[in-house]
Amino acid sequence: MTNQPDNSQNPVSFSREADILRFTTAGSVDDGKSTLIGRLLYEAGGLYDDHLASLRGDSKRLLREGMDLSFVTDGLKIEREQGITIDVAYRYFSTPRRNFIIADTPGHEQYTRNMATGASTADLAIVLVDVSRGVTIQSRRHAFIASLLGIRHMVIAVNKMDLVGYQEEAFLKVRKEFESFSTRLSIPDLEYIPVSALCGDNIVSHSDKMPWFQGIPLLKHLENVRIVGDRNLIDLRFPIQSVLRAPNGVRHYAGRLASGVVRVGEDVLILPSHRKTRVKGLTVAGAEEGMAFAPQSIALTLEDEIDIKRGDMVVRAGNMPKISREMEAILVWMDRVPLQTGKVYAIKHTTQTIKASVSRLHFVIAPATLSRSPAGVLQLNDIGRVSLSLFKPLFCDEYSRNRYTGSFIMIDPLTNMTVAAGMVIERGSGAASTLLSAEDQSKNRNIHPQEGDVIGLDRKRLLRQNPATVWLTGLSGSGKSSIAFALEKKLIAAGHVCYVLDGDNLRSGLNRDLNFSPESRRENIRRVAEVARLFNEAGIIIVVSFISPYREDREQARKIIGIDRFLEVHVDAPLSVCEQRDPKGLYKKARAGLIAEFTGVSSPYEPPEKPACFLKTGEESVEACAGQVWELLVNGKFLESHD
Amino acid sequence: MENYRLSQLRLLEAESIDIIREVASSVERPVLLYSVGKDSSVLVHLAQKAFHPAPLPFPLLHVDTTLKFKEMYEFRDRFVRSIGAELRVHGSSEVAGTRINPWALGTVKCCSIFKTQALLGAMKEGKYDAAFGGARRDEEKSRAKERVFSFRDEFGQWDPQNQRPELWGLYNTLVNKGESLRIFPLSNWTELDIWQYIHLEKIPVVPMYFAKERDMIVREGRLIPMDGPIPLKDGERPEKVMCRFRTLGCYPCTGAVRSTAATIPAIIEELMSVRDSERITRLIDHDQDASMEQKKREGYF
């Protein structure tokens, strides 16, 4: 017997092969949150008769009217007595398409920490707005916390449409109101759905009372939203959880893949020793496999005898996390005793627990207004930005890139209480703008195509391609432009629509106000990235040929264009070769001191750490290099239409 | 991307294994509370996977009320022997001699002595600082509120309003001497997941879960098994009923359900159309409002 799905009609296979969507809700009885959850459970058949009966009994005892579905989720006696939600409750239901875990959290300010807890493992957040009351502080707080915790999919459920006669105007008003707030958040996929949880409108099927609504009903949306792409399968990060010793003496390194994919036979690097070795064998949940991917629990054996212990991390030599004893982070404070700067706390990060202290509290942010205020203290439910000093280096990534190597908890060593949840952020990105970096706020709001995005699909079908941006970076004279135009020629000849954005042609027009200082280079890159994004949205493949010497700038471009569409290509030739070529005579001028801040001569070039493709122009022809990029596009399925 | 899809069961499996390993490498003396039921079977199976190819690094502990079904004892001994695990049985000997039973004492006191007090005694005696349990959040409403790593003070008490926040799968495992953790690796599993996983992995379970004709007392619609000296009311006599047990506890307090599901696929099919919850046949859940919450506060699982 195999483990393959046999037949969807067979009840044994039904839902076994389905995946899980975890979503969070926040609010109280007044918002209709409990009614909404009750409705979802009820429609999906997730409520048992004896539970319903006992709810009625409870309700009677507490003199409530009829059957109040809040009793479904409020599991503690005190919650039912007082009609409030205090802590996160987890509820489970499934439909033939998918299984669901609801993290149901309270919505009031004093429960910010519970909201953060529920959001930390969620794929999607349902933010409730009572259409008769408009966007409240609670809705804003929940949306902010959800985006802070890295939730990429959000549904604004505009509830109680029955109270406003199912009027489209009322819905649009709420939508507009919320949009003015959400533009300052980082939410790649945002949906607005008008519903009446009480009457069941737009929950399972289209409501005939709202024919003006062209979108997808709530439960259908939850069943279809795509989340596989949210996982980081690029950066191999395998924190060692424990070392198992087999009866034959062989050591197996066990743990859960935080991100990335690992294969038998591949070269890996161990942190902090920086020792290189190779994966000899691997097991997934005890069974031998050739490869594994996040978030599987696995165990590895390695070719070489190396001293490895819990807390060490397996990575790839060309793709390393940050290793640092200093860290910038957002903290959500969860303890009654406020943060004390300078005090020693324990930090649990992946499988490491180390000591650390907060060296500086920069500011506190109000979730409902997003306004920042310099603060001397971080108290229960406050959210603030801090600098941390660590007693030992941590191996971490930015939270927005990696939810599992970018997060940590802080523990008070005296009380053993978990006092804060932390998210690693890039130094400098938040201090200058708001809490979230500007690039995060502007990034790819419409890039991830949503289900039912007919226009985007039509374009792809029409052009028979999936737009991408090939980003050629390298020294002046390395051959970027030659490769770009060779590639363009090849694409056009094959019937694809593409265009080259060249450093020189943009600087002569759109960017002529910019010079070559680091600030101007950054703005230059930002504009190019935005232009590339617009072209991509129009369905066109873009080849960018820009020196773009700074890693951080290219990272910004990647975020603007969208992770899935950004292909970074390092056009590499030794400086001496470039200088010898010197097609525009620029090196000569730079050496003579006639050009200030010339990359490679008087200004640094930071090569990509993990380019999608690496071109050695000193050794290979322009044609061969263009061919390599072509292969990259073919393998990424950009040169075909697929719906 | 489709190659990297993880089904519900494999995702739950990965999460549970992570939890089990985390406990084993961060506390001093863990123990797995083995209660013979289907959830315990799954829990033990996951623990074996977590440490493969090494043996289980902790013993199994059965807190025995001495009121379990005969078939459960038979299964327990056979199962534990077959997997080569170490089983410790904590019988409530000092109270068992005085014939404690729910008919004489009422279910609240009986549970308190046999389960809560016995469990706390066993934890203390073995100096265990962490105990795994097979409880699931979908079973009961107060369980839905409990953390995966549930902190208990030195008296084993749960304080639901003062629980440690639990984010991302980063678990705070720190306890002082005398305090302990209860860990629930199956928190996010549902009854259906459990059965589908048992099917997928061919995990052995007590035969009482499968339907057959059994001698039962039918009382107010409930099916009461004749496994021990159940006091009968006037005119009551055992009759043959086609039934199965959906959940297993002590024989005086566990009822059966009418069913013809004699195989795992049949049980799964039955569960998908069933209208009552799993624990409806567990009398102790219905003693009073919030009875499970109360028991947990006092140290019960």
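Only this structure's heavy atoms are used, side chains among them; waters, hydrogens and symmetry mates stay out. In what follows, chains carry the letters A, B, and so on, assigned in the order in which the sequence lines appear, proteins first and then strands, with residues in each chain numbered from 1.
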Trainee: Between B/D18, B/L46, B/T173, which has the largest tally of heavy atom pairs under 4.5 Å with chain A?
Mentor: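 Of the options given, most contacts go to B/D18.
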Trainee: What's the separation between atom CG in B/L11 and atom CD in A/Q296, rounded to the nearest 0.5 Å?
Mentor: 9.5 Å
Trainee: For a side chain to side chain contact (heavy atoms under 4.5 Å, CB included) check, start with the C-alpha distance between A/D19 and B/L6, then their side-chain angles and the critical distance, and finish with the verdict.
Mentor: CA-CA 7 Å; A/D19 66 350; B/L6 214 49; over 6 Å; no
Trainee: Does B/W168 form a side chain to side chain contact (heavy atoms under 4.5 Å, CB included) with A/L149? I'd like the steps, not just the answer.
Mentor: CA-CA 10 Å; B/W168 295 295; A/L149 271 291; 3.5 Å; yes
Trainee: Rounded to the nearest 0.5 Å, what's the gap from CG on A/D335 to CZ on B/R164? Could you check?
Mentor: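 Reported value, rounded in 0.5 Å steps: 11.0 Å.
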Trainee: Check this for me: A/R336, atom CZ, are more than 12 non-hydrogen atoms of other residues, nucleotides or ligands nearer than 6.0 Å?
Mentor: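 For A/R336, atom CZ is not crowded (no more than 12 foreign heavy atoms under 6.0 Å).
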Trainee: Which answer fits B/S187, side chain, backbone, both or neither, if we ask what part of it has an atom under 4.5 Å from a heavy atom of chain A?
Mentor: backbone
Trainee: Got a second to check how far A/I409's CD1 is from B/L167's CG, nearest 0.5 Å?
Mentor: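 Here the interatomic distance stands at 7.5 Å.
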Trainee: If we define contacts as heavy-atom pairs under 4.5 Å, which of A/T283, A/V261, A/N114 has the most with chain B?
Mentor: A/V261
Trainee: Could you state the interatomic distance from CG (A/L21) to CD (B/Q8), rounded to the nearest 0.5 Å?
Mentor: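 The CG atom of A/L21 sits 11.0 Å away from the CD atom of B/Q8.
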Trainee: For A/L257, is it the side chain, the backbone, both or neither that has a heavy atom under 4.5 Å from a heavy atom of chain B?
Mentor: neither
Trainee: Any side-chain heavy-atom pair from B/N188 and A/Y92 closer than 4.5 angstrom?
Mentor: yes
Trainee: Does A/H349 reach the side chain of B/L170, with side-chain heavy atoms less than 4.5 Å apart?
Mentor: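 When only atoms from C-beta onward are counted, B/L170 and A/H349 do not touch, as no gap falls below 4.5 Å.
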Trainee: Could you measure the distance from the CD1 atom of A/I240 to the OG atom of B/S25? Nearest 0.5 Å is fine.
Mentor: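 A/I240 CD1 to B/S25 OG: 11.0 Å, rounded to 0.5 Å.
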Trainee: Ignoring hydrogens, what is the shortest heavy-atom contact between A/A285 and B/K49? Give both atom names and the distance.
Mentor: O-CD, 3.3 Å
Trainee: Please rank A/S242, A/A421, A/A116, A/S297 by heavy-atom pairs under 4.5 Å with chain B and give me the top one.
Mentor: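 Of the options given, most contacts go to A/S297.
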Trainee: Any salt bridge between A/K348 and B/E22, counting N to O under 4.0 Å?
Mentor: yes
Trainee: Measure distances from A/R403 to the heavy atoms of chain B and classify the residue's part below 4.5 Å as side chain, backbone, both or neither.
Mentor: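 For A/R403, heavy atoms of backbone and side chain both lie under 4.5 Å from chain B.
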Trainee: Taking every non-hydrogen pair under 4.5 Å, which of A/T121, A/I298, A/T351 racks up the most with chain B?
Mentor: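 Result: the option with the highest number of such pairs is A/I298.
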Trainee: So what's closer than 4.5 Å to chain B heavy atoms on A/V419: side chain, backbone, both or neither?
Mentor: neither
Trainee: At a heavy-atom distance under 4.5 Å, which candidate from B/R21, B/E13, B/H52 has the highest pair count against chain A?
Mentor: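 Maximum pair count with chain A is reached by B/R21.
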Trainee: Counting heavy atoms not belonging to B/R219, are there more than 12 under 6.0 Å from its CZ?
Mentor: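 Atom CZ in B/R219 is crowded, with more than 12 foreign heavy atoms closer than 6.0 Å.
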Trainee: Hey, what do you get for CD (B/E146) to OH (A/Y90), rounding to the nearest 0.5 Å?
Mentor: 12.5 Å
Trainee: For chain A, which of B/A50, B/A24, B/A144 has the most heavy-atom pairs under 4.5 Å?
Mentor: B/A144
Trainee: Please test B/K145 against A/D104 for side chain to side chain contact (heavy atoms under 4.5 Å, CB included), starting from the C-alpha separation and ending with a verdict.
Mentor: CA-CA 10 Å; B/K145 290 270 172 179; A/D104 176 33; 5.9 Å; no
Trainee: Ignoring hydrogens and geometry beyond distance, is a side-chain donor-acceptor pair present between B/N172 and A/T418 at under 3.5 Å?
Mentor: yes
Trainee: Between B/E15 and chain A, with a heavy-atom cut-off of 4.5 Å, which part of the residue counts as in contact: side chain, backbone, both or neither?
Mentor: both
Trainee: Are more than 12 heavy atoms, taken from residues, nucleotides or ligands other than B/E154, located less than 6.0 Å from that residue's CD atom?
Mentor: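 Check fails, neighbour count at 12 or below.
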Trainee: Does any backbone or side-chain atom of A/R245 lie under 4.5 Å from a heavy atom of chain B? Answer side chain, backbone, both or neither.
Mentor: backbone
Trainee: Please flag which part of A/T353 lies under 4.5 Å from any non-hydrogen atom of chain B: side chain, backbone, both or neither.
Mentor: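 Neither part; nothing is under 4.5 Å.
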